[in-house]
A.B. asks: 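What follows is a single structure, and I will ask about it in a moment.
Numbered from 1 within each chain, the chains take letters A, B, ... in sequence-line order.
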2 protein chains.
Amino acid sequence: MERKTPTIQDVARFANVSTATVSRALSSPEKVSEGTRARVSEAVRVTGYTLNQAGRSLRQRSAKTILVALPDIRNPFFSSILDAIEREAATRGYGVLVLNLYFGHETIRRLQDFLLSNRADGLLLLDGSVDTYLLQTLSSQAGAIPIVVACEEIPNSGFHTVLTDNVDAAERATQHLIDLGHRRIGHLLGPEHNVVSRERFTGFARALAAAGLSPVPEWNFRGNFDMESGFSAAARFLSMTERPTAIFAANDESAIGFLSGLRQHGIICPRDISVVGFDDLGVAPHYVPPLTTMRQPREALGRMAAEALIDVVEDPEALGMPLRIVLRSELVVRESTARMARVDMEGGNRSS
Amino acid sequence: MERKTPTIQDVARFANVSTATVSRALSSPEKVSEGTRARVSEAVRVTGYTLNQAGRSLRQRSAKTILVALPDIRNPFFSSILDAIEREAATRGYGVLVLNLYFGHETIRRLQDFLLSNRADGLLLLDGSVDTYLLQTLSSQAGAIPIVVACEEIPNSGFHTVLTDNVDAAERATQHLIDLGHRRIGHLLGPEHNVVSRERFTGFARALAAAGLSPVPEWNFRGNFDMESGFSAAARFLSMTERPTAIFAANDESAIGFLSGLRQHGIICPRDISVVGFDDLGVAPHYVPPLTTMRQPREALGRMAAEALIDVVEDPEALGMPLRIVLRSELVVRESTARMARVDMEGGNRSS
DNA sequence: CGGCCGCGTGTAATCGATTGCATAACTAAT
DNA sequence: ATTAGTTATGCAATCGATTACACGCGGCCG
């Protein structure tokens, strides 16, 4: 009863072969004769043998594990990407380690440790705001740890990258508002130093410019990708006398917070204001009103990033040049955006 | 340039000591003289040494990693628990492997492999519907893999468990509706074979019974914890002539789907119906109307579960009896529930 | 018939860190 | 001065799997 977990030795003894043969029978069956193979299988069955990954890792210097580092697991946007990554990794026989990214050296050190200690074979980074220098070191050293950056771009880093067309998508989202007749259009921004956030602002500005509209700085509301920041932005919106008739929000969460804040003061979407979001969260179609939003192909993004990373892990030469995949987002029109009704000159809104 | 990652040997050579001393200097510094310790530190710094976890795992038969198995990472309820788990694990120096649980033997085998192959030292299970027999085998064998079940209870399993007071919380949620004067109360169920879902139903029924109300089977709407199922339930609700005036939904997501479905047909909450949800998702305070809901202490749950698991991993005797922690949920009253207005006898609702 | 090839298998080294045991150098006690 | 005890360190075995190399055997070719 007090037996330890069986090792390859036990299997070998039972099948009357050497451990080398057992190993071969299990990982390259074509190298052993049919009879031996059968005896080994049987022995595995009887002894209840399972591989000890630590032993294999040590010898092969690979852990069959990838490390996913992300800024916030709780964010449904990231968690659904993580989900896709896990699925892809699972089908290729890899485990997935997750790491929350906070600020400070502590985190970076942890990240480094995971990679350098052979616990993970590669890094899938879902955040562009990590110390680039350190990462470069990691990936260019002799150890050459494969890195794929997803969601956010680290400019000039030379890392493989999988992302969505943020600038273009933001431009199209804004264009949608313009097409509906809006001329007074504001933007609910993402975090100040966030790459994605900037790209979306760029797209927004570009659409305005293309339509010959001049940007109004007061209509750029500081935000933070979360509901609270959208809620606060609503307060600022309400305090203004010259208000926009439409808002492009950097993501759905802030859009929801914003709408929620407005509604408390009787400003109703889409009657009084049109709002387009970004991400197409699960709740978007069920919000009140259902949200018009840019849908990012989250599953595809996660899957492709994982694919790419594992490809490189298994064959560092696999991808020649640094890979750069850009996935197209799709505008989903629902009810939070509506055609401008009447004259545009009166900026005020009455409460219901 | 073509150097491999430095090993403990390199450090030893540089510091002019044996590998044994280096090992001790790093993991039990008190066993080494001060001078040597300094030389080793210096050597570590110069060589850029980092531990190879595979080597250590092999020798110590522990991976400093826990495995978290959950039914759906995308679900914000689970992802925020996962977040708390990761934080706790990080502070104790453990890595976190995640595993999506699907159905079928494939998944179970994977789970088993992870544990038996020494890739993880313990299992944190966020789902009660896994084959109990298999788990029992895992945890009672000589290997004795520590298991903690969180969120859901596996009755009579003898596993350590951390969960919330589902039955009681559901009873209190329902009681809240009763307190508001509702007498015709329905329930939007969770998945049929789900433990949590059943517990919440039990609490619901208990509250009804305590108030002397007789349950109406047609008012139990089949659901699935997701928005779509809530949305479909709304269709059934609308087709009924005798409708409840209040609904206790098994979770916020289904509550939102339900409300969204009703709203499309002009049934407005809380004017025409009161709804109480469960979980207090991030969107709950910003929904229209803001959702009354039972808030589960998700962070605490994740943290305590991780704590307990790591305690057991590090000292199998740490917890004597199977641990059972029950955390109390808290009713958050917002605007989706309102006092019954007039006579209760006319069940119909008019659209606006 | 001799040499070569290829297949299937075994032997033993190896991956990197930890740790039981041995040893040496001191200190303290008798 | 001898012995016992303590502290710091080294030696070498060990964890479990993989794999380079060697070997034996049978078949085939010249």
A.B. asks: As a test of reading the structure: which of C/dG10, D/dA17, D/dA8 is closest to the side chain of A/Ala20, going by heavy atoms?
C.D. replies: C/dG10
A.B. asks: Consider the side chain of A/Ser18, meaning its heavy atoms from C-beta on, and name the nucleotide among D/dG10, C/dG8, C/dG10 that approaches it most closely.
C.D. replies: C/dG10
A.B. asks: In whole Å, what is the span from the CZ atom of A/Arg61 to the P atom of D/dA17?
C.D. replies: 18 Å
A.B. asks: Whole angstroms only, please: what is the CD-C1' distance between B/Glu30 and D/dT9?
C.D. replies: 15 Å
A.B. asks: Which atoms form the tightest heavy-atom contact between A/Leu126 and A/Pro71, and what is the distance?
C.D. replies: O-CD, 3.4 Å
A.B. asks: Does A/Thr36 have a side-chain nitrogen or oxygen under 4.0 Å from the phosphate oxygens OP1 or OP2 of C/dT9?
C.D. replies: yes
A.B. asks: Determine, for B/Asp113 against B/Arg109, whether the closest basic-nitrogen to carboxylate-oxygen distance falls under 4.0 angstrom.
C.D. replies: no
A.B. asks: Rounded to whole Å, how long is the line connecting atom CZ of A/Arg13 with atom P of C/dT9?
C.D. replies: 19 Å
A.B. asks: Could you state the CG-P distance from B/Leu26 to C/dT19, rounded to the nearest angstrom?
C.D. replies: 13 Å
A.B. asks: Taking only side-chain N and O atoms of B/Thr7, does any of them lie within less than 4.0 angstrom of OP1 or OP2 on C/dG16?
C.D. replies: no
A.B. asks: Base, sugar-phosphate, or nothing: which does A/Ser117 touch, judged by heavy atoms less than 4.0 Å apart?
C.D. replies: nothing
A.B. asks: If you assign each of B/Arg24 and B/Leu58 to its closest nucleotide in DNA chain C, which residue comes earlier from the 5' end?
C.D. replies: B/Leu58
A.B. asks: Quick one: B/Leu51 CG to C/dG16 P, roughly how many Å, whole number?
C.D. replies: 12 Å
A.B. asks: Can you tell which of C/dA17, D/dT9, D/dG16 lies closest to the side chain of B/Ile8?
C.D. replies: C/dA17
A.B. asks: Whole Å only: how far is the CD atom of A/Gln9 from the C1' atom of C/dA12?
C.D. replies: 12 Å
A.B. asks: Are A/Glu34 and A/Arg37 within salt-bridge range, i.e. N to O under 4.0 Å?
C.D. replies: no
A.B. asks: Whole-Å distance between D/dG10 C1' and B/Asn16 CG?
C.D. replies: 13 Å
A.B. asks: With a cut-off of less than 4.0 Å, is there a side-chain N or O of B/Tyr49 near OP1 or OP2 of C/dG16?
C.D. replies: no
A.B. asks: List the residues meeting side chain to side chain contact (heavy atoms under 4.5 Å, CB included) with A/Ala38, not counting sequence neighbours, and say none if there are none.
C.D. replies: none
A.B. asks: For C/dT19, does either OP1 or OP2 sit under 4.0 Å from a side-chain N or O belonging to B/Gln60?
C.D. replies: yes
A.B. asks: Looking at the side chain of B/Arg56, which of D/dA17, C/dT18, C/dG10 is the nearest nucleotide?
C.D. replies: C/dT18
A.B. asks: Please determine whether any donor N or O and acceptor N or O are separated by less than 3.5 Å between the side chain of B/Arg59 and the base of D/dT14.
C.D. replies: yes
A.B. asks: How is A/Val22 classified with respect to the nucleic acid when contacts are heavy atoms under 4.0 Å: base, sugar-phosphate, or nothing?
C.D. replies: nothing
A.B. asks: Considering just the side-chain nitrogens and oxygens of B/Ser33, establish if one lies under 4.0 Å of OP1 or OP2 belonging to D/dT9.
C.D. replies: yes
A.B. asks: State the CG-CD1 distance between A/Leu301 and A/Ile81, to the nearest 0.5 angstrom.
C.D. replies: 5.0 Å
A.B. asks: C/dG10, OP1 or OP2 - any side-chain N/O from A/Thr21 closer than 4.0 Å?
C.D. replies: yes
A.B. asks: Scan side-chain atoms only and decide if A/Thr65 and B/Arg119 contain a donor-acceptor pair under the 3.5 Å cut-off.
C.D. replies: yes
A.B. asks: Quickly work out the A/Asn52 CG to D/dT14 P distance and round it to whole Å.
C.D. replies: 17 Å
